[in-house]
Amino acid sequence: MSQVRVRFAPSPTGFFHIGSARTALFNWLYARHTNGVFVLRVEDTDQARNSEEFLNVIYDSLTWLGMTWDEGPKVGGHFGPYRQSERAHIYKEYLQKLIDAGRAYEKDGAIWFKLPGERSEVYDDHRQKTVTKVANTPAVIDDKIRGRVERLEDEDFVIFRSDGNPVFHFVNVVDDIAMKITHVIRGEDHLSNTSKHVELFKAFGVEPPVFAHIPLILKQNGPGKMSKRDQGALIEEYQKRGYLPEALVNFLALLGWSPKDDREKMPLADIIALFDFPGINQSNARFDDKKLAHMNMVYLLELPADLFVVKARVQLERQQATPALEADLGYFREVMLLSQPKIKGLEELAAYTVYFFTEEYPMDEKVRTKVLSKGDPKTRLAELAEVLATADFSNDTLIEEAIKALAARTGLGFGDYQSVARLAVSGTNVGPSLTSLFRVLGRERVLARIARFQATV
RNA sequence: GUCCCCAUCGUCUAGCCCGGUUAGGACACUACCCUUUCACGGUAAGAACCGGGGUUCGAAUCCCCGUGGGGACGCCA
């Protein structure tokens with residue numbers, strides 16, 4: 001059995017979206033599962049719509065997600081070049097084969113592929129024009145996911161535009177032949193194109209590769225497949241928001257594939273070991289950002305401390321959270337680790353930790369009103385300030401004991417002191433435990449903030 | 001309109017191939033527990049076999065027809 005060779009063939013005509021990433025991932029996983037080769041091929045034959053910027057987004061996104069390619073731009077390989085815009089001579093060569101075989105002809109300045117069979121003119125109601133139909137026999141697609149699919153290709157189609165550039169169907173097949181691709185794993189939207197491709201393979205006298213048409217990702221709300229314009233569709237966006245690539249990969253793998261047991265979060269090595277065609281579903285999957293966010297949280301929770309701090313810093317830099325970035329590194333680390341078990345995503349960190357790094361933190365007015373309306377917050381604060389003035393701040397337990405002792409004296413609970421104290425020193429009602437908050441902020445700042453708050457009530 | 005693909009909780013899915021399950025898990029939602037706020041976590045609840053025929057002692061599972069969803073029908077990829 002020869003080595004599996006799969007390819008991901010994006011065209012740089014827009015930002016890299018989640019459906020493309022999933023297609024890339026399935027190819028990559030299959031290559032890794034079979035110890036095969038993952039080829040990256042850039043389909044940039046439509047010069048009007050291509051751009052270097054989009055190409056770099058594809059490279060960046062694939063790299064970010066950990067899908068390294070074995071052959072392709074930047075890394076090379078025996079079947080290059082890997083950008084179709086640089087393969088014109090190869091396409092000319094293959095075109096000549098078709099011409100020599102009488103399977104291509106010119107019309108209206110373009111070159112058309114000639115299907116075998118009798119021709120007749122028919123009026124097409126839907127397209128409202130007369131077309132030439134060919135009495136061809138149906139192409140048979142032996143699909144690894146769909147099973148046997150038959151589809152009739154009964155109209156000649158353009159393979160070279162009148163501007164001299166080859167079109168997708170032609171270059172796709174030629175490159176799959178030239179690059180010795182063994183398995184074509186792509187979205188189901190290509191299933192109807194595949195009959196064209198099978199006809200081309202036949203015309204070249206080459207056995208088609210194994211096809212596997214994977215289900216599509218549907219948009220979260222509303223009808224239709226996910227497109228670049230949909231909310232949450234762009235990979236770049238997740239990168240910017242500080243999503244963990246491992247989490248996104250895990251989530252994406254589960255959209256249309258399943259290990260067939262109840263596992264969801266699983267190490268990449270396990271996914272690679274189990275990934276195969278029988279595990280791929282036939283039906284389309286709807287994108288669910290809540291499930292992705294949950295997966296991200298699970299990965300975040302398990303991140304080793306050092307790594308979490310590094311990633312937190314990168315994210316805060318991205319969000320330009322200046323005071324946090326200027327803080328002492330040891331202090332920064334402590335604040336971040338206090339927050340790690342509390343947040344769902346790195347993007348929350350800037351707002352979640354803002355009061356640790358500046359005195360200009362926002363005051364949540366709703367919470368303020370609510371807290372001040374209950375009990376006797378002014379007295380509680382005064383009592384607390386007095387105790388904190390002499391309490392030992394060296395660890396959480398000692399601070400806790402001091403507050404509990406105070407509560408015991410006044411016949412109240414820890415909670416009676418907590419809400420108002422938290423509000424005074426952080427401006428909010430959410431955050432790490434109050435004692436950690438005090439310890440990390442330090443006595444001086446805690447007392448100063450309490451005093452400042454007292455002056456406003 | 002024509003052709004192609006698909007169909008289990010709101011969503012992702014297991015079960016289907018090889019008929020017999022209290023149809024399982026996860027996300028989301030709800031309640032309770034934990035608790036020093038907020039989260040995490042724990043427990044519980046609700047929630048599905050698209051419809052109709054057929055085959056069979058028995059159908060989520062096999063077959064057919066409807067219906068619904070998706071895709072393709074470019075000198076885009």
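First the proteins, then the strands, lettered A, B, ... as listed; each starts at 1.
At whole-Å resolution of the value, CG in A/Asn284 and P in B/U11 are 13 Å apart. Spacing between atom NE2 of A/His213 and atom P of B/G71 amounts to 15 Å, rounded to whole angstrom units. Rounding to whole angstrom units, CG of residue A/Leu216 and P of B/G71 are separated by 7 Å. If you measure from atom CG of A/Asn136 to atom C1' of B/C3, you get 14 Å, rounded to the nearest angstrom.
Looking only at distances, a side-chain donor or acceptor of A/Ser339 sits under 3.5 Å from a matching main-chain atom of A/Val335. Between the side chain of A/Arg422 and the backbone N or O of A/Pro432, at least one donor-acceptor pair lies under 3.5 Å. With hydrogens and angles disregarded, no donor-acceptor distance shorter than 3.5 Å links the side chain of A/Asp276 to the backbone of A/Pro278.
Checking B/C27 for Watson-Crick or G-U wobble geometry (two distances, each under 3.5 Å) identifies B/G10 as its partner. The partner of B/C73 is B/G1, by the rule that a Watson-Crick or G-U pair needs both atom distances under 3.5 Å. Pair check for B/U56 finds none; no Watson-Crick or G-U wobble contact set falls under 3.5 Å. Using Watson-Crick or G-U wobble geometry with both donor-acceptor distances under 3.5 Å, B/C18 finds no partner in any strand shown. In a base pair of the Watson-Crick type (N1 to N3 plus N6-O4 or O6-N4) or a G-U wobble (N1-O2 and O6-N3), with each distance short of 3.5 Å, B/G41 is matched with B/C33.
At a cut-off of 3.5 angstrom, counting only N and O atoms as typed in the model, there is no donor on one side facing an acceptor on the other between the side-chain of A/Lys291 and the base of B/A28. Contact annotation: side chain of A/Asp288 to base of B/A28, donor-acceptor pair absent below 3.5 Å. If you check distances only, the side chain of A/Ser162 does reach the base of B/C75 with a donor-acceptor pair under 3.5 Å.
Note on A/Gly256: only backbone sugar-phosphate atoms sit closer than 4.0 angstrom, heavy atoms only; bases stay farther off. Within the 4.0 angstrom heavy-atom criterion, only backbone atoms of the sugar-phosphate kind lie near A/Arg286; the bases stay farther away. Residue A/Glu150 is classed as a sugar-phosphate contact, given heavy-atom separations below 4.0 Å to backbone atoms only. Looking at heavy-atom distances under 4.0 Å, A/Thr13 makes no contact with the nucleic acid at all. Residue A/Lys342 is classed as a base contact, given a heavy-atom separation below 4.0 Å to a base. Within 4.0 Å of A/Glu264, counting heavy atoms only, lies at least one base atom of the nucleic acid. Among the protein residues, A/Asn193 comes within range of the nucleic acid bases, having at least one heavy atom under 4.0 Å from a base atom. The residue A/Gly431 sits close to a base: some heavy atom pair falls under 4.0 Å. No contact: A/Ser195 has no heavy atom under 4.0 Å from any strand.
Here A/Phe414 contributes atom CZ and A/Glu400 contributes atom CD; the two are 5.5 Å apart, rounded to the nearest 0.5 Å.
Each of A/Lys404 and A/Glu155 has a nearest nucleotide on RNA chain B; the 5'-most of these lies closest to A/Lys404. Nucleotides of RNA chain B nearest to A/Ser433 and A/Leu292 differ in position, and the one nearer the 5' end is that of A/Leu292.
Comparing the C1' positions of B/C9 and B/A28 gives a spacing of 12 Å, expressed to the nearest Å. Rounded to the nearest Å, the gap between the P atom of B/C50 and that of B/U11 is 12 Å. With C1' as the reference atom, B/G41 and B/U8 are 30 Å apart, rounded to whole Å.
Here B/C38 is the nucleotide among B/C38, B/G15, B/C5 with the atom lying nearest to any side-chain atom of A/Val430.
Note on A/Glu188 versus A/Arg146: salt bridge recorded, some NZ/NE/NH1/NH2 to OD/OE distance being below 4.0 Å. Contact check on A/Arg7 versus A/Asp175 returns no salt bridge, with no Lys/Arg side-chain nitrogen under 4.0 Å from an Asp/Glu carboxylate oxygen.
No side-chain donor-acceptor contact under 3.5 Å links A/Thr428 and A/Asp364.
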